[in-house]
Amino acid sequence: MDVQNGGKTVCIALAEVEKYYRFSRCCHWLQNEIMQKESSPLFAADIITELKRQFAFLSGGRGQDGSPIIIFPEFPSFCEIGDQEFRNVLTYLTSIPSLSAAGVGFIVVIDRRRDRWTCLKATLLRISGWFPANLHLVLVLRPTAILQRTFSDVFFKLHRDDFKVPVLMLSSVADLHSYIERSQLTQELGGSQYYCHKTWISHRTDLESFAALVKRMAQRLQVFGREMAETELPHNLLTAGNLLNAHTSRKDSLKEEITGALSQGRKLLENIREPVRRDPDSSLNPDQLENLATVHRLLSQLNESSTAFDEFWIQHQNKLELCLKICQFEHSFQQLQTELEQATETLNAFSDVGLSPAQTEHLLQELTSHEKKVCEVLDRVRSVVAEGQGLIDSSQNVDDSVAVKCSELQKAREILIQELKDKKTMLTQAMELHRKLEMVCKWCDDGIYMLASQPLDKCQSQEGAESALSELEFYLETANEKELWEISTVWLEYESILNNELRVNFDQVDSSSRNASVSEEEETLAVLRRHVMNELLETERAYVEELMCVLQGYAAEMDNPSMAPLIPAALQNKKDVLFGNMQEIYNFHKRIFLKELETYTDCPELVGRCFLDWMRELQIYEKYCHNKPRSESLWRQCSDCAFFQECQKKLEHKLGLDSYLLKPVQRITKYQLLLKEMIKYSKGCEGSVELQAALSSILGILKAVNDSMHLIAITGYEGNLGDLGRLLMQGSFSVWAEHKRGHVKVIELARFKPMQRHLFLHEKALLFCKRREESGEGYEKAPSYSFKQELSMAAIGITENAKGDSKKFEIWSSSRDEVYTVQAVSEEVKTIWVTEIRKLLTGQLEAYKEARQQKAPEQFTSETSSTNRKNESSNLRNGGVEKQKTEEERGKELENILEPGMTQRAKGASFSFETKPKRQDIRSDPTPLGWTKGSLSLDASVEHDGYFSAEEQVTSDPEEEKEDKLCEDELRSMKIEEEIQLTEETEDPEE
């Protein structure tokens with residue numbers, strides 16, 4: 001059958017219609033069966049309290065003509081039963097037997113052997129006054145007491161006409177047996193029938209509960225079946241998949257409920273058969289047999305309905321799966337159509353064959369690269385066509401549109417293959433033509449050289465002229481061996497690829513071919529520069545589009561009130577944390593940088609100027625990278641929330657938001673790669689210097705980002721890192737620390753095993769930190785650094801080379817009480833660090849000289865200076881606070897450190913004084929870079945592993961004494977806090 005659905009004709013198999021009809025009929029029969037059993041308006045659960053009083057019950061016995069028996073047992077408080085309670089019980093009891101049994105009429109047995117006539121009369125009047133069914137006979141066991149029996153006989157005769165039903169007064173149980181067989185009476189009435197009222201109520205409630213469950217199941221099956229039959233087939237891949245999943249889930253739920261209902265019915269059957277199982281000689285009474293038959297019928301009908309549902313579901317499932325496959329095919333068809341169009345457009349761009357071998361070879365390489373991508377698309381086309389053909393072959397319900405689309409894809413595939421083959425053939429021919437052209441040029445050049453090299457005196461004689469002519473004729477014959485040809489022949493053979501430029505090249509095949517090769521190389525480089533520029537512009541446009549998608553599809557949606565319920569609490573008001581300054585980056589690239597780059601399209605070698613002009617603005621990436629760890633941590637916390645999934649679904653992105661949040665980091669890194677490529681093809685061009693400067697600036701930004709990412713990982717530093725100035729360098733080193741207290745070097749403080757420290761060089765201080773193990777994931781998987789030591793750049797000196805290892809250098813405090821031997825991983829790293837520290841110290845010296853020129857130097861008398869030194873020494877001994885060096889003292893110290901004349905000693909050379917070199921000079925050179933000759937006088941009388949106190953220095957002239965006194969004051973001005981810090985640091989040798 002054909003059904004119109006959403007503007008499309010959907011074929012529905014006749015088998016599915018037949019299965020649905022059978023399933024619907026089974027559900028209808030099942031509901032009719034239950035409706036027959038629900039003829040009574042009451043259920044046992046509704047009147048459970050009245051039934052438990054047992055003033056009347058249905059024993060299950062039958063009279064001789066098959067009449068159901070209702071027994072009213074001894075019940076002294078029968079008169080207290082309300083009319084509604086009485087009517088509810090009788091109505092329910094009379095509704096239980098089958099219609100055929102109830103049609104014969106009921107027999108009521110009233111047992112009042114221990115009661116009075118008044119109560120008996122009231123019972124008879126109530127029954128005769130209202131009985132909800134056909135009453136066949138009333139059998140009364142009258143009171144056995146003499147007085148009450150007499151009253152009963154007398155008054156029954158007087159009031160017989162008041163009872164509107166046939167009543168028989170019986171004197172004993174034996175009389176009752178003459179009317180009803182003993183097997184149909186309970187044991188209280190002298191019969192043999194076993195009856196348990198509690199069990200009877202349990203069976204009735206279970207049976208009615210099972211019937212209600214089956215009814216609900218039948219209704220749900222019928223509703224779901226109708227819904228499946230009336231379902232409109234979707235034409236969207238996502239909708240089709242959701243519909244199949246939803247129907248499958250509902251089917252599984254219904255099947256579980258059906259299984260539970262069948263299990264409940266089987267358990268009910270076992271309960272009804274319990275008396276027979278317990279006593280094989282016993283048998284079930286008619287009511288129990290009717291209950292058993294009812295449960296059997298319900299189970300049979302439910303089983304049949306379940307089977308019919310399964311058969312119909314298989315047909316429906318096959319239909320939905322076929323619809324899903326068709327939607328998948330159409331989705332793949334649309335994608336491939338787009339990809340084929342893009343591949344064709346890219347292929348059409350290969351219209352040029354190149355003006356030089358290098359250019360043609362480059363075009364051929366690009367075509368080969370494009371061919372790989374095209375082959376992937378063609379493979380997918382073949383796969384989708386095979387899939388569509390499989391759909392057509394496997395089902396007769398697939399419309400003709402699938403075959404049409406398969407034909408379109410196959411045709412487009414063949415056309416693209418042919419175009420690719422033609423382009424490749426064209427470029428291959430062009431390459432062959434260029435090679436032949438080069439061969440012709442070489443042959444011509446060689447011929448010209450041969451003519452130019454012929455000696456003129458040789459041609460003066462006939463023999464010599466004939467010899468020269470013979471050589472020329474022989475060389476001309478080589479043209480045939482090299483397959484040289486006429487220009488007209490070339491034009492005819494390669495007419496399909498020859499353009500005006502190539503024709504000009506052929507016309508210019510002469511001695512200028514060598515110069516042409518130079519211009520060809522320049523043209524090739526120009527083509528490569530344009531290629532790099534095109535890649536820069538294309539990726540820049542794609543980058544801007546991606547940023548816009550993220551900001552509109554995710555960031556803007558966080559402010560959308562309709563999306564608010566999908567946003568988890570952890571993401572509330574965290575847009576700035578998640579996206580950082582992406583909006584600022586997008587505005588800059590969209591409004592400024594992209595437009596500026598486009599102005600350099602025709603002169604790509606000058607694009608370095610664009611980067612230099614906007615380098616300050618590009619530093620906004622530092623802020624984004626600083627926020628990246630927080631952003632990634634928040635993403636991992638909320639990545640599975642419904643908000644991100646809904647946004648990704650709307651944008652139809654295959655990748656999650658985290659991939660797009662990484663785009664700015666990837667972009668700033670991509671710039672330096674593109675600049676390197678542009679520099680490679682722009683050597684000697686006008687803008688090469690600007691390109692190199694732009695590359696250095698971009699690398700500077702990347703280094704600043706990397707350094708700052710390490711800097712924010714420092715823990716334990718109590719001060720403000722911003723007060724230390726700009727971070728210049730950072731890196732890991734092996735460090736040996738040695739300290740001296742007073743006049744004696746503290747041997748136990750020397751570390752023979754180096755400490756691993758990460759150094760941070762700021763403009764104003766040098767920090768020593770310990771690197772901790774990496775932990776976490778992604779951007780959180782970064783090292784942390786525990787702060788250990790800080791050295792002010794205003795109070796340190798350096799020794800460039802420590803003997804024994806060219807990778808070591810020394811950093812020491814002005815008083816040389818603290819010496820740190822630092823070992824780099826390589827000589828290059830060491831040189832870079834020493835150079836940077838020298839720059840800082842040189843800057844301090846220049847600042848000091850400038851300040852000294854601006855103000856007149858202050859004169860101090862030697863007495864005042866001596867008094868000051870004594871006071872300082874006294875303050876140190878009394879635990880007073882250390883005074884910092886004056887600017888003048890620091891300036892003199894820097895002049896000594898950076899004295900150009902001491903370069904030899906700065907390179908680690910041995911001391912060359914009037915005295916002999918000491919043992920410490922041979923072991924290592926602890927002397928600071930540029931230390932003046934008079935600043936330290938060596939004496940062999942006392943030594944402490946190469947370090948000497950100021951008091952051990954021996955002066956030889958007043959000038960040296962003055963310098964020695966200054967050193968003594970510097971040593972005595974060591975901070976008490978530094979001594980405490982040294983002591984604390986040595987207490988933990990493991991650090």
Side-chain angles (χ1 to χ4, degrees), residues 234-245 321 323-346 369-370 372-388 405 409 412-413 535 538-558 560 563 566-568 571 575 578-580 582 585-586 589 624 628 631-667 669-670 777-779:
H235 50 81
N236 177 272
L237 178 60
L238 180 62
T239 307
N242 292 340
L243 180 63
L244 179 59
N245 293 335
E321 288 178 349
C323 175
L324 181 63
K325 290 178 181 179
I326 293 176
C327 291
Q328 177 67 52
F329 172 80
E330 292 180 350
H331 180 72
S332 301
F333 171 78
Q334 293 174 359
Q335 283 186 332
L336 286 175
Q337 258 192 335
T338 303
E339 293 180 9
L340 288 172
E341 291 174 359
Q342 293 175 352
T344 302
E345 290 177 1
T346 305
S369 176
H370 179 63
K372 295 179 181 178
K373 299 178 182 178
V374 171
C375 288
E376 294 178 359
V377 177
L378 294 177
D379 290 341
R380 290 181 55 202
V381 169
R382 184 171 59 251
S383 176
V384 171
V385 170
E387 178 184 342
K405 289 181 173 64
L409 287 177
R413 179 176 179 273
E535 182 179 358
E538 290 175 4
T539 54
E540 185 72 14
R541 296 185 185 104
Y543 174 58
V544 171
E545 289 295 325
E546 289 170 344
L547 292 183
M548 183 184 68
C549 286
V550 172
L551 292 172
Q552 293 181 355
Y554 287 95
E557 289 297 313
M558 292 183 70
N560 186 355
M563 299 288 284
L566 302 180
I567 302 177
L571 195 60
K575 182 167 71 173
L578 184 62
F579 298 98
M582 183 180 285
I585 293 174
Y586 169 73
H589 284 269
Y624 186 85
K628 195 66 178 69
S631 173
E632 187 167 281
S633 177
L634 180 61
W635 161 256
R636 280 198 303 275
Q637 185 180 356
C638 307
S639 59
D640 294 333
C641 71
F643 172 75
F644 289 136
Q645 296 175 1
E646 183 65 24
C647 291
Q648 183 176 351
K649 186 194 303 182
K650 289 182 179 178
L651 293 173
E652 296 183 353
H653 283 176
K654 295 181 180 180
L655 300 177
L657 173 61
D658 56 331
S659 299
Y660 291 92
L661 292 177
L662 195 59
K663 292 293 182 181
V665 181
Q666 295 171 337
R667 189 57 185 170
T669 308
K670 179 71 173 178
E777 297 179 358
Y779 275 85

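Residues L547 and M582 have side chains in contact (heavy-atom distance under 4.5 Å, counting atoms from C-beta outward). Counting heavy atoms from C-beta outward, L324 and Q328 have side chains that stay 4.5 Å or more apart. Considering only heavy atoms from C-beta on, Y554 stays 4.5 Å or farther from Y660 through its side chain.
Under a 3.5 Å cut-off, the side chain of T344 and the backbone N or O of L340 do form a donor-acceptor pair. Of the possible polar contacts, none joining the T239 side chain to the H235 backbone as a donor-acceptor pair under 3.5 Å is found.
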Exercise for the section: Could you walk me through whether T338 and Q342 pass side chain to side chain contact (heavy atoms under 4.5 Å, CB included), step by step? Expected result: CA-CA 6 Å; T338 303; Q342 293 175 352; 3.7 Å; yes
Exercise for the section: Decide yes or no on side chain to side chain contact (heavy atoms under 4.5 Å, CB included) for L657 and Q648, but give the supporting numbers first. Expected result: CA-CA 8 Å; L657 173 61; Q648 183 176 351; over 6 Å; no
Practice task
In sequence, state the C-alpha distance, the side-chain angles, and the governing distance for K650 and M563, and then conclude on side chain to side chain contact (heavy atoms under 4.5 Å, CB included).
Solution key: CA-CA 12 Å; K650 289 182 179 178; M563 299 288 284; 3.7 Å; yes
Exercise for the section: Please test E632 against R636 for salt bridge (charged side-chain N to carboxylate O under 4.0 Å, His left out), starting from the C-alpha separation and ending with a verdict. Expected result: CA-CA 6 Å; E632 187 167 281; R636 280 198 303 275; 3.1 Å; yes
Exercise for the section: Start with the C-alpha distance between D658 and S639, add both sets of side-chain angles, then the distance that settles side chain to side chain contact (heavy atoms under 4.5 Å, CB included), and finish with yes or no. Expected result: CA-CA 9 Å; D658 56 331; S639 59; over 6 Å; no
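Of all heavy-atom pairs spanning K325 and E387, the tightest one is O-OE2, 4.2 Å. G553 and E557 get closest at one heavy-atom pair: O-CG, 3.3 Å. Across every non-hydrogen atom of A240 and P234, the tightest pair is CA-CG, 3.4 Å. Counting all heavy atoms, side chain and backbone alike, L571 lies closest to F643 at CD2-CD2, 4.1 Å.
In this structure E339 satisfies the side chain to side chain donor-acceptor pair (under 3.5 Å) test together with R380, sequence neighbours excluded. E535 meets the side-chain contact (heavy atoms from CB on, under 4.5 Å) test with T539, K670, L674; sequence neighbours excluded. Under the rule for a side-chain contact (heavy atoms from CB on, under 4.5 Å), K372 has no partner lying at least two apart in sequence or in another chain. The salt bridge (Lys or Arg N to Asp or Glu O under 4.0 Å) search around K405 returns none, not counting sequence neighbours. Judged as a salt bridge (Lys or Arg N to Asp or Glu O under 4.0 Å), and not counting sequence neighbours, the contacts of K649 are E646. Legend: residues meeting side-chain contact (heavy atoms from CB on, under 4.5 Å) with S659, ordered by chain and number and at least two apart, are L655.
Taking CZ of F644 as the start and CD1 of I567 as the end, the distance is 8.5 Å to the nearest 0.5 Å. Atom-to-atom distance recorded for Q645:CD and C647:SG is 10.5 Å, nearest 0.5 angstrom. Interatomic distance, CG of L409 versus CZ of R413, reported as 10.5 Å (0.5 Å rounding). Between M548 atom CE and Y586 atom OH the span is 5.5 Å, to the nearest 0.5 Å. Once rounded to the nearest 0.5 Å, the distance linking CD of Q637 with CG of L578 reads 11.0 Å. One distance of note links CD1 of I585 with OH of Y543; it measures 5.0 Å at 0.5 Å rounding.
The number of heavy atoms from other shown groups lying within 6.0 Å of CD (E652) does not exceed 12.
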